[in-house]
Number of protein chains: 2
Amino acid sequence: MAMTKNDTLSAFTMSMRKAMLEFKSFLRNKLKESNIDLTFEMLQVLIELWKKDGVNQQELANLLHKDKASLTYLIDNLSKRKLVQRFEDPNDRRNKIITLLPEGSRLQAVILPWIDEMYTVAGKDIPVQLIKDGILLFEKIQSNLNPSAHS
Amino acid sequence: MAMTKNDTLSAFTMSMRKAMLEFKSFLRNKLKESNIDLTFEMLQVLIELWKKDGVNQQELANLLHKDKASLTYLIDNLSKRKLVQRFEDPNDRRNKIITLLPEGSRLQAVILPWIDEMYTVAGKDIPVQLIKDGILLFEKIQSNLNPSAHS
DNA sequence: ATTTAATAGTTAAATATCAAACCAATTTGA
DNA sequence: TCAAATTGGTTTGATATTTAACTATTAAAT
């Protein structure tokens, strides 16, 4: 049977979904091995804060392509675990600035090596140019599906 | 600053996430425009049933890379909407065979054109070979992260 | 043949996502 | 300046995902 371009795209999205799940699964296993009670999504937030601490929820939502409502819950869950803290921005009291607590900072040295390992394992025997081509492909698809989004 | 291969992979996963969200968002908008009360995930199940009706939950879970527990809930929600029905397999009473109800079948003619449109829009000005290259890239990453998985 | 193991499905609990409604604070603009 | 619009965050309700424990059924093994 002839495979149309749209059939290929259907296989593409399926395979993309599965690759995404493998990344998540890799990290979940690492966390579980060390009995760290964190989800992949909470980790995404922490990673952004390790790059730049003191960011408000909306900025985090934008960086992570998540809904601001999702961020409310994620910050709640990170706060419960005493990893981050909310502060009201004195310059604009609508904003809640999120900062790392000591335990949240401490985890960086433990977890970042796992992230690095994950990418090293995932990218084994793959030329970096292929990965860059993949990014360009994603960006083209994004702009096709949503021309108004200014990436 | 120099961008390492792992930095590129980090950008890759971010961009992949975003592309996935655009696909979901496109379909959600279509469904909403027509006031069809279905989620992207319920649609994934229907699409498999449109390809092959009368499949059990575990097979659906495997096809969609989902957990069997997720399928229980998805089938519950599709049943509530009178789109599918569970049957006990007489040959193996552990299995629940899922079949389309009339309304579930009827939706195919409405929704499949949207799926086709989604892929046509997404793939505009993209040579099919690039998409195939993307699939190979995903498969390589999958086997790197999870060598035991026999795709 | 009887015990053991594996498989399919359900349930519960915790978390995540999304849309919509909402509040408070700030910005715009007539 | 004051009303309207925008922005950041929260809440609610519905759905999705994951893990783990559990039941029922079937298959495997000694």
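Every chain is numbered from 1, with letters handed out A, B, ... down the list of sequences.
No side-chain donor-acceptor contact under 3.5 Å links B:Arg28 to the backbone of B:Thr39. Put simply, the side chain of B:Lys5 gets close to the backbone of A:Ile126: a donor and an acceptor are under 3.5 Å apart.
For the pair A:Lys32 NZ and C:dA14 P, the interatomic distance rounds to 17 Å; values are reported in whole Å. In this structure, A:Leu74 atom CG and C:dA14 atom P are separated by 17 Å, rounded to whole Å. For the pair B:Gln58 CD and C:dA6 P, the interatomic distance rounds to 16 Å; values are reported in whole Å. Rounded to whole Å, atom P of C:dA14 lies 13 Å from atom OH of B:Tyr73. Here C:dA19 presents its P atom at 13 Å from CD of B:Glu33, a figure rounded to the nearest Å. Note: CZ (A:Phe40) to P (D:dT19) measures 13 Å, nearest angstrom. If you measure from atom CD1 of A:Ile36 to atom P of C:dA14, you get 21 Å, rounded to the nearest angstrom. Atom CE in B:Met42 sits about 6 Å away from atom C1' in D:dT15, given to the nearest Å.
Side chains of A:Asn146 and B:Ser25: a donor-acceptor N/O pair is absent below 3.5 angstrom, by distance only.
Residues A:Glu41 and B:Ala69 each lie close to DNA chain C; by heavy-atom proximity, the contact nearer the 5' end of the strand is made by B:Ala69. Place A:Arg17 and A:Leu71 on DNA chain D by their nearest nucleotides, and A:Leu71 ends up nearer the 5' end.
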*Test log, rule side chain to side chain donor-acceptor pair (under 3.5 Å), inputs B:Thr4 and B:Asp7*: CA-CA 5 Å; B:Thr4 67; B:Asp7 290 338; 3.2 Å; yes
*What do the steps show when you test B:Asp76 against B:Arg86 for salt bridge (Lys or Arg N to Asp or Glu O under 4.0 Å), and what is the final call?*
CA-CA 9 Å; B:Asp76 284 350; B:Arg86 280 186 176 92; 3.0 Å; yes
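A heavy atom closer than 4.0 Å to some atom of DNA chain C occurs in A:Asn77, A:Lys80, A:Arg81, A:Asp92, A:Arg93, A:Arg94, these being the qualifying members of residues 76-105 of chain A.
Here B:Gln57 reaches the OP1 or OP2 of C:dT10: one of its side-chain N or O atoms lies under 4.0 Å away. Look at A:Thr39 and you won't find any side-chain N or O under 4.0 angstrom from OP1 or OP2 of C:dA14. Applying the 4.0 Å criterion to OP1 and OP2 of C:dA16, one finds that A:Lys66 has every side-chain N and O outside that range. Residue A:Thr72 places none of its side-chain N or O atoms closer than 4.0 Å to OP1 or OP2 of D:dG9. Here A:Ser70 does not reach the OP1 or OP2 of C:dA16: none of its side-chain N or O atoms lies under 4.0 Å away. Contact annotation: B:Lys24 does not reach the phosphate of D:dT15 (side-chain N/O to OP1 or OP2, under 4.0 Å). Residue A:Lys68 places none of its side-chain N or O atoms closer than 4.0 Å to OP1 or OP2 of D:dT10.
Hydrophobic clustering keeps A:Leu101 apart from A:Leu83 (ILVMFWY residues linked when any side-chain heavy atoms are closer than 4.5 Å, directly or through intermediates).
Ring planes of B:Phe138 and B:Phe12: tilted class, angle from 30 to 60°.
The side chain of A:Leu21 has D:dT18 as its nearest neighbour among C:dC18, C:dT17, D:dT18. The side chain of B:Asp67 sits closest to D:dT19 out of C:dA20, C:dA16, D:dT19.
No side-chain heavy atom of A:Thr8 sits under 4.5 Å from any side-chain heavy atom of B:Tyr119.
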